[in-house]
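Read through the structure below, which is laid out as structure tokens, and then see the notes.
Residue numbers start at 1 and run along the sequence shown. Both counts, for ligands and for their atoms, begin at 1 and track the order of listing.
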Amino acid sequence: MSKEAKLAVGGQEYSLPIVEGTEGELGIAIGKLRDTTGHITLDDGYGNTGSCVSNITFIDGEKGILRYRGYPIEQLAEQSTFIETAHLLINGELPSRDKLREFSDRLTDNAYLHEDMRYHFESFPVTAHPMAILSSMINASSCFYPGLMGPANRERFDTHAARLISQVRTIAAYSYRKSKGFPTIYPKRNLKYTANFLHMMFSQPYEDYELKPEVVKALDLIFLLHADHEQNCSTATVRMVASSQANLFASAAAGVCALWGPLHGGANQAVIEMLQAIHDSGDDGSRFIQAAKDKDSGARLMGFGHRVYKNYDPRAKIIKAACDRILSGLHISDPLLDIAKHLEEQALNDSYFVERRLYPNVDFYSGIIMRAIGIPVEMFTVIFAIGRMPGWIANFKEILDNPKSRISRPRQIYMGATERQYVPIEERP
Ligand code: CMC
């Protein structure tokens, strides 16, 4: 196969090299396009733009394939844990027993927030959205580790990464407790990552939360399934910020902000709100499906559709099965699950959704599990952020480790007013 593409512009032909990924993905490298042709590319929403070369995660959206560092998501979901997967994403390999213990001990050692951070929490109103608190506090915590990105600290990257993975969970739990007016609960050294998070969320000073293994497992699975997803909006944001050599915490805080929106991580909250509204209106989903197809209604079937997957999102398949399992294990019958299943069935048999290849994505069923295990709806996107942290860190590290990294700085096609002369205010109409 030819390793170059031909481009004809203004009567002249140019050769552009083709880059081939290890899974056969093909990209036309346009790094010299503007210099040689005077043109740039225009790709609103970046649907056709590869922003980097990466070794972390592979997605085949047509076939519904997702692999972290080559390992199928189905195998990791079945056999791994969130923390082992975090190691895999950040360091590239599944850890030996000793390496996993070392990684996990580093997380435990770095779980505690600087005591002064507690005062920052005081200043948020109780109505603050936990995603706002999360991004602010991640950024604020970098103030406690000066020189985070300085050359002297490059070799301390593992500690900074551990601090971030571990503390995001502590900050998340504190932000929830703040919203409830509950006292903060410190992490316990003897608890593993996910169990410790549930403990910090739900224990009281006078009574420890009862940790049910099936609940811990379900949440760990949710973290693992969200751990990375190549160049999505928040990860691309993290890379964009990191490319300016901003520190790890600042880059991750920007990722949290990007994740918050309802078209991205905020969809898990939006799904439950949609299902609840359908339920409260007495609809079984049939009326809502009609509204979601009508562009003037402003409604979208949240938790459906994906920029990359044009097939069933493999994470949604795993989550749907886990959802049935956890609800029956906890003897919970949730009318929202019935509505979700009905919506899915209708959408998958409706030409509007079929023609546009809109399938359930990771957010469609995850909220029902979180509801069942007692996570409040405003914390859903925070849970996504905790899960995504290893992926953001792995992407940040890829930039840090690449001596050829350049600042990300897209161009634009200007369509505004051409040059005009300043008019003094008294002469303006
Ligand atoms: N409900 C109804 N119509 C939809 C939906 C939906 N959920 N998603 C896409 N469409 C329609 C869209 O209106 C467009 O129709 P037409 O071709 O007639 O103009 C067509 O399908 C293509 O959609 P698009 O908006 O151009 O697709 P996109 O790749 O820009 O957006 C998306 C992808 C995920 C933002 C979008 O599908 C969406 O808004 N879904 C609902 C929100 C959601 O669930 N987001 C979570 C994404 S997965 C987790 C994550 O990565 O954060």
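- Taking a distance limit of 4.0 Å, we find that atom 13 (O) of ligand 1 is approached by some protein heavy atom.
- Atom 32 (C) of ligand 1 has its closest protein heavy atom at Arg300 NH1, 4.5 Å.
- Interface of Asp363 with ligand 1, defined as ligand atoms under 4.0 Å from a residue heavy atom, comprises 46 (C), 48 (S), 49 (C).
- Going from atom CD1 of Ile319 over to atom CG of Leu221 covers 6.5 Å, rounded to the nearest 0.5 Å.
- Distance alone, capped at 3.5 Å, places no donor-acceptor pair between the Asp60 side chain and the Ile65 backbone.
- Atoms of ligand 1 found under 4.0 Å from any heavy atom of Gly265, numbered from 1 in the order shown, are 52 (O).
- Considering backbone and side-chain N/O atoms, Ala267 never comes within less than 3.5 Å of an N/O atom of ligand 1.
- Residue contact annotation: His229 has no non-hydrogen atom under 4.0 Å from ligand 1.
- For ligand 1, the polar-atom distance check against Arg315 finds no nitrogen or oxygen pair separated by under 3.5 Å.
- At a threshold of 4.5 Å between non-hydrogen side-chain atoms, the residues His87 and Leu94 do not count as touching.
- Between Lys310 and ligand 1, no pair of N/O atoms sits closer than 3.5 Å.
- The protein heavy-atom contact nearest to atom 17 (O) of ligand 1 is Arg356 NE, 3.8 Å.
- The contact set between ligand 1 and Ala292, taken as ligand atoms under 4.0 Å from a residue heavy atom, comprises 2 (C).
- For atom 22 (C) of ligand 1, no protein heavy-atom neighbour is found at a distance under 4.0 Å.
- Taking atom 10 (N) of ligand 1 as the reference point, the nearest protein heavy-atom neighbour is Leu358 CD1, 3.7 Å.
- Taking the side chain as every heavy atom from C-beta outward, Ser234 and Arg388 approach each other to under 4.5 Å.
- When the heavy-atom distances from atom 7 (N) of ligand 1 to Leu301, Val271, Thr235, Leu263 are ranked, the shortest goes to Leu301.
- The distance from ligand 1 to the heavy atoms of Val362 drops below 4.0 Å at these ligand atoms: 49 (C).
- Relative ring orientation between Phe384 and His264 is described as perpendicular, the plane-to-plane angle rising above 60° on a 0-90° scale split at 30° and 60°.
- For atom 42 (C) of ligand 1, the closest heavy atom belonging to the protein is Met302 CE, 3.5 Å.
- Distance check on atom 51 (O) of ligand 1: some protein heavy atom falls below the 4.0 Å cut-off.
- For Lys212, the NZ atom is loosely surrounded, since the number of other residues' heavy atoms within 6.0 Å does not exceed 12.
- Counting only heavy atoms, the protein never gets under 4.0 Å from atom 26 (O) of ligand 1.
- Each of the following atoms of ligand 1 lies closer than 4.0 Å to a heavy atom of Arg307: 28 (P), 29 (O), 30 (O), 33 (C).
- Of all protein heavy atoms, the one closest to atom 41 (C) of ligand 1 is Phe304 O, 3.4 Å.
- For atom 11 (C) of ligand 1, the nearest non-hydrogen atom from the set Tyr352, Phe364, Tyr309 comes from Tyr352.
- Here the CD1-CG distance, from Ile138 to Leu134, works out to 4.0 Å after rounding to the nearest 0.5 Å.
- Judged by the 6.0 Å and 45° rule, Arg356 forms a cation-pi pair with Tyr352.
- Of the N and O atoms on the side chains of Asp43 and Thr49, at least one donor lies less than 3.5 Å from an acceptor on the other residue.
- Ligand 1 does not have Gly45 within reach: every non-hydrogen atom of the residue lies 4.0 Å or more from it.
- Checked for salt-bridge contact, Lys99 and Glu93 miss the test: no charged N lies under 4.0 Å from a carboxylate O.
- Paired with Phe364 under the rule ring pair (Phe, Tyr, Trp, His ring centres under 6.0 Å), one option of Tyr359, Phe304, Tyr309 passes, and it is Phe304.
- Ring pair Phe202/Tyr176 is perpendicular by interplanar angle, where above 60° counts as perpendicular and below 30° as parallel.
- Neither the backbone nor the side chain of Asp313 comes within contact range of ligand 1; no heavy atom lies under 4.0 Å.
- Taking every heavy atom of Lys295 and a limit of under 4.0 angstrom, the matching atoms of ligand 1 come to 13 (O), 15 (O), 16 (P), 18 (O), 19 (O).
- Nearest approach of Val53 to Arg239, heavy atoms of both residues: O-NH2, 4.2 Å.
- Of all the atoms in ligand 1, the ones that sit under 4.0 Å from a non-hydrogen atom of Gly303 are 43 (C), 44 (O).
- Numbered from 1 in the order shown, with element, the atoms of ligand 1 that lie under 4.0 Å from a heavy atom of His264 read 46 (C), 50 (C), 51 (O), 52 (O).
- Note that CD1 of Ile165 is 12.0 Å distant from CH2 of Trp392, once rounded to the nearest 0.5 Å.
- The two atoms that bring Phe380 and Arg371 nearest to each other are CZ-N, 4.0 Å, heavy atoms only.
- The protein heavy-atom contact nearest to atom 34 (C) of ligand 1 is Gly305 O, 3.6 Å.
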